[in-house]
> 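Structure provided below as structure tokens; questions to follow.
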Amino acid sequence: MAGRLRARVPALTTRVVARLLSDLPVYAELPHEEIAGDIADIVQHNLRLFADVLEHRRGATDDELAQQRDSAAQRAEEGVPLDAILAAYQVGVAMCWEETAQDAGPGDLPAVLEIMDRILVLQQQLTSAVSGAYLEARKILDSQEHGGRHALMAALLTGEDLDGFTRRTGLRPAARYLTMTLALAPHPDETGQGAGAVPGPVTGAVPGPGAGVAARRKIRRIRTALDRFAGTPALTALDASGGTVLLPVAEPPPWNGPGGLCDLIAEATRAAGVPVTAAAETAQPAGVPAAVARNGEIVDLVARTGRAPGLYRLADVLLEYQLSRPSEALRGLAGLLNPLEAKPELLHTLETYLGHGLDRRAAAAALHVHPNTVDYRIRRIDRLTGLSPARPADLQHLSAALVARRTV
């Protein structure tokens, strides 16, 4: 059988390669010269190795698997998925079995069983050698790519001289970046409040041993959504609470509409299973540090002013942003509401009333009180502060005073 297999190696190689191209789309996308060269060579090498294994009734030696390891490392560098490579070896092994067993008769059963045993042993050796070499090569490549991305992101965030950075590393920044700051809420599985959680005696829930896994899963899903949007690995510095993202973009992406940034944050929210608050701004490389700083301030303002999660830009928080700048007027504005310090129900009513656009019925429903109660409390606010939402000039001061209170 070994001699017969060697005689059929050229024809069988052609058949195996044809099956790879028809059954595995990844291989069909490889250059023709690679298929006719490297791929055909490794198929032929494997067929001859199988003949040797049969003839000498032994497993493959480590040296005999060197070419397979080299081939797997090359495929890793080319980005061919490991599952496709292992599937290709499975196709080759199956066709070897068909070739050796097709003419067997009842009297050949002992030989057929021994051949099957040799095939299974060789398949195990091939899987181990190929997987190990592929993963080792991928580990090195990922380390290099991650190191390069980390260095590039650090250079952009710190305002390093990018011309000097490119000369030193060979890495060239994109023409512009979408800068984003994300704030991620904790997933229930991180806090011990997920399905099957055991209540704690004090807080009501305790993080279980899977909390770290849940946090990493959340971050991985966020990164996947970002990478899919950018079409390339994003530059990220994320932990369980959020962080900074830089996405290379050719042009500033649309804010709304299909494929816009609001859709991206909505997708990230769905993927992670937690509320996501984000601020975004497109900047050229030299403007990245300032854009990231502004994004951070915007996300912080959104949290402090009690706004809903979602995507924000500076235009969405102009009043809060300006009032958060240090000034003597800021404390004066906040002090306008000092008479309400001892009356938290009045302060809450004012916030709710303004938040519902001066709609007394909507505010009453949100407060679970009668609309007349809202009217009464608004009159009390007027008596205590001298300011009434019914007067346009006072309304501006009250709105600014509420923002100032949240920012001082």
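Values in this document were obtained by computation on a predicted structure and should not be read as measured data. The figures here come from the full heavy-atom set of this structure, side chains too, leaving out hydrogens, waters and symmetry mates.
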> Applying side-chain contact (heavy atoms from CB on, under 4.5 Å), run through Thr181 and Ile298 and close with a yes or a no.
CA-CA 9 Å; Thr181 295; Ile298 291 169; over 6 Å; no
> Kindly say whether Ala185 contributes a backbone atom to a donor-acceptor pair with the side chain of Lys218 at under 3.5 angstrom?
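A pair under 3.5 Å: yes.
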> Find the distance between CD (Glu351) and CG (Leu337) and round it off to the nearest 0.5 Å.
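Those atoms lie 9.0 Å apart.
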> Below 3.5 Å, can you tabulate the donor-acceptor pairs from side chains in residues 48-55 to any protein atom, sequence neighbours excluded?
from	atom 1	to	atom 2	distance (Å)
Asp52	OD1	Arg6	NH2	2.7
Glu55	OE1	Arg6	NH1	3.1
Glu55	OE1	Arg6	NH2	2.5

> Can you check whether Ala18's main-chain N or O pairs, donor with acceptor, with Ser22's side chain at less than 3.5 Å?
yes
> Tell me every residue that passes side-chain hydrogen bond (donor to acceptor under 3.5 Å, both in side chains) with Asp227, counting only those two or more places apart in sequence or in another chain.
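Counting only residues at least two positions away or on another chain, Asp227 forms no side-chain hydrogen bond (donor to acceptor under 3.5 Å, both in side chains).
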> Kindly give the heavy-atom pair with the smallest separation between Tyr134 and Leu82, and that separation in Å.
OH-N, 3.4 Å
> Could you check Thr352, Thr349, Asn372 and say which one makes a side-chain hydrogen bond (donor to acceptor under 3.5 Å, both in side chains) with Arg377?
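Checked Thr352, Thr349, Asn372 against Arg377; only one passes side-chain hydrogen bond (donor to acceptor under 3.5 Å, both in side chains): Thr349.
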> I'd like to know if the side chain of Ser128 pairs up with that of Gln125 as donor and acceptor (distance under 3.5 Å, no hydrogens or angles considered).
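Not at all, the side chains of Ser128 and Gln125 share no donor-acceptor pair under 3.5 Å.
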> Please determine whether side-chain contact (heavy atoms from CB on, under 4.5 Å) holds for the pair Leu402 and Leu350, giving the CA-CA distance in whole Å, both sets of side-chain angles, and the decisive distance to 0.1 Å.
CA-CA 9 Å; Leu402 282 173; Leu350 178 62; 4.2 Å; yes
> Which residue pairs pass the salt bridge (charged side-chain N to carboxylate O under 4.0 Å, His left out) test with at least one member in residues 11-28, sequence neighbours excluded?
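Sorted pair list: Arg15-Glu99, Arg19-Asp23.
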> What pair of heavy atoms forms the shortest contact from Pro173 to Thr166, and how long is it?
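Reported closest heavy-atom pair: CD-OG1, 3.6 Å.
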> If you look only at distance, which donor and acceptor atoms sit under 3.5 Å apart when one is on a side chain in residues 24-40 and the other is two or more places apart or in another chain?
from	atom 1	to	atom 2	distance (Å)
Glu34	OE2	Arg75	NE	3.3
Glu34	OE2	Arg75	NH2	2.9

> Begin from the C-alpha positions of Thr179 and Thr244 and carry the test side-chain contact (heavy atoms from CB on, under 4.5 Å) through to its verdict.
CA-CA 8 Å; Thr179 69; Thr244 302; over 6 Å; no
> Hey, are the side chains of Leu86 and Thr127 touching, using non-hydrogen atoms and a 4.5 Å cut-off?
yes
> Report, as yes or no, whether the 6.0 Å neighbourhood of atom CD on Glu114 holds more than 12 heavy atoms from other residues, nucleotides or ligands.
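Counting neighbours around CD of Glu114, more than 12 heavy atoms of other residues, nucleotides or ligands fall under 6.0 Å, so yes.
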> In terms of side-chain geometry, is the basic nitrogen of Glu267 or Arg221 positioned less than 4.0 Å from the acidic oxygen of its partner?
no
> Could you tabulate the donor-acceptor pairs under 3.5 Å formed by side-chain atoms of residues 281-288, not counting sequence neighbours?
from	atom 1	to	atom 2	distance (Å)
Glu281	OE1	Arg294	NE	3.1
Glu281	OE2	Arg294	NH2	2.7

> Any chance you could measure Leu226, atom CG, to Leu178, atom CG, to the nearest 0.5 Å?
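If I round to the nearest 0.5 Å, the distance is 9.0 Å.
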> Quick check against the 3.5 Å criterion: does Arg138 have a side-chain atom that pairs as donor or acceptor with the backbone of Ala76?
yes
> Measuring from Phe165:CZ to Thr158:OG1, what's the distance to the nearest 0.5 Å?
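Reported to 0.5 Å precision, the distance equals 9.0 Å.
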> With distance as the sole test, does Asp316 use its side chain to make a donor-acceptor pair with the main-chain N or O of Arg313 at under 3.5 Å?
yes
> Would the number of heavy atoms belonging to other residues, nucleotides or ligands and lying under 6.0 Å from CZ of Arg172 be above 12?
no
> How many angstroms lie between CG in Asp382 and CG in Leu346, if you round to the nearest 0.5 Å?
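Interatomic distance, Asp382 CG to Leu346 CG, rounded to 0.5 Å: 12.0 Å.
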> Are Cys96 and Leu47 side-chain neighbours, meaning at least one heavy-atom pair lies under 4.5 Å?
yes
> Is any side-chain heavy atom of Leu354 closer than 4.5 Å to one of Leu395?
yes
> For residues Ala225 and Leu264, report the shortest heavy-atom separation together with the two atoms involved.
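Looking at all heavy atoms of both residues, the shortest contact is O-CD1, 3.7 Å.
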> Side-chain contact test, heavy atoms from C-beta onward, threshold under 4.5 Å: evaluate it for Asp41 versus His45 and give yes or no.
no
> Less than 4.5 Å apart, any side-chain heavy atom of Leu157 and any of Pro289?
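A side-chain contact under 4.5 Å is absent here.
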> Using the rule given for side-chain contact (heavy atoms from CB on, under 4.5 Å), can you reason through Met180 versus Leu182, listing the C-alpha separation, both sets of side-chain angles and the distance that settles it, and then say yes or no?
CA-CA 6 Å; Met180 303 183 74; Leu182 306 182; 4.2 Å; yes
> With rounding to the nearest 0.5 angstrom, report the CG to CG distance, Leu347 to Leu384.
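One gets 11.5 Å once the value is rounded to the nearest 0.5 Å.
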> Give the minimum heavy-atom separation between Val276 and Pro309, together with the two atoms involved.
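Looks like O-CB, 3.7 Å.
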> Please set out all donor-acceptor pairs under 3.5 angstrom arising from side-chain atoms of residues 233-240, sequence neighbours excluded.
from	atom 1	to	atom 2	distance (Å)
Thr236	OG1	Arg223	NE	3.0
Asp239	OD1	Ser241	N	2.9
Asp239	OD1	Ser241	OG	2.8
Asp239	OD1	Gly242	N	3.2

> Sub-3.5 Å donor-acceptor pair from the side chain of Thr269 to the main-chain atoms of Ile265, do we have one?
yes
> Can you name the closest pair of heavy atoms from Tyr353 and Pro389 and give their distance?
CE2-CB, 3.8 Å
> Less than 4.0 angstrom from a charged side-chain N to a carboxylate O is my criterion; do Glu136 and Lys139 meet it?
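A salt bridge is absent here (no side-chain N lies under 4.0 Å from a carboxylate O).
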> Taking the basic N atoms (NZ, or NE/NH1/NH2) and the acidic carboxylate oxygens, is any pair closer than 4.0 Å for Asp375 and Arg379?
no
> Measuring only between side-chain heavy atoms, which start at C-beta, is Val245 closer than 4.5 Å to Leu247?
yes
> Does any N or O in the side chain of Glu64 come within less than 3.5 Å of the main-chain N or O of Thr61, such that one atom is a donor and the other an acceptor?
yes
> Counting only heavy atoms from other residues, nucleotides and ligands, does the tally under 6.0 Å from CZ of Arg8 exceed 12?
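Yes, CZ of Arg8 has more than 12 neighbouring heavy atoms, counting only those of other groups under 6.0 Å.
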> What verdict does the salt bridge (Lys or Arg N to Asp or Glu O under 4.0 Å) test give for Asp62 and Arg69, after you've listed the backbone C-alpha separation in whole Å, the side-chain angles of each residue and the deciding distance to 0.1 Å?
CA-CA 10 Å; Asp62 192 58; Arg69 288 193 292 270; 3.3 Å; yes
> Rounded to the nearest 0.5 Å, how far does CZ of Arg391 lie from CG of Leu398?
9.0 Å
> Gly259 and Phe229: which non-hydrogen atoms are nearest, and at how many Å?
O-CE1, 3.3 Å
> Is there side-chain contact between Val249 and Tyr177, with heavy atoms separated by less than 4.5 Å?
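Val249 does not reach Tyr177 side chain to side chain.
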> Please determine, by modelled atom types, if Ser388 and Asp394 share a side-chain donor-acceptor pair under 3.5 angstrom.
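No - no donor-acceptor pair under 3.5 Å links their side chains.
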> Quick one, Asn295 and Tyr312 - any side-chain contact, counting heavy atoms below 4.5 Å?
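Result no, sub-4.5 Å side-chain heavy-atom pair not found.
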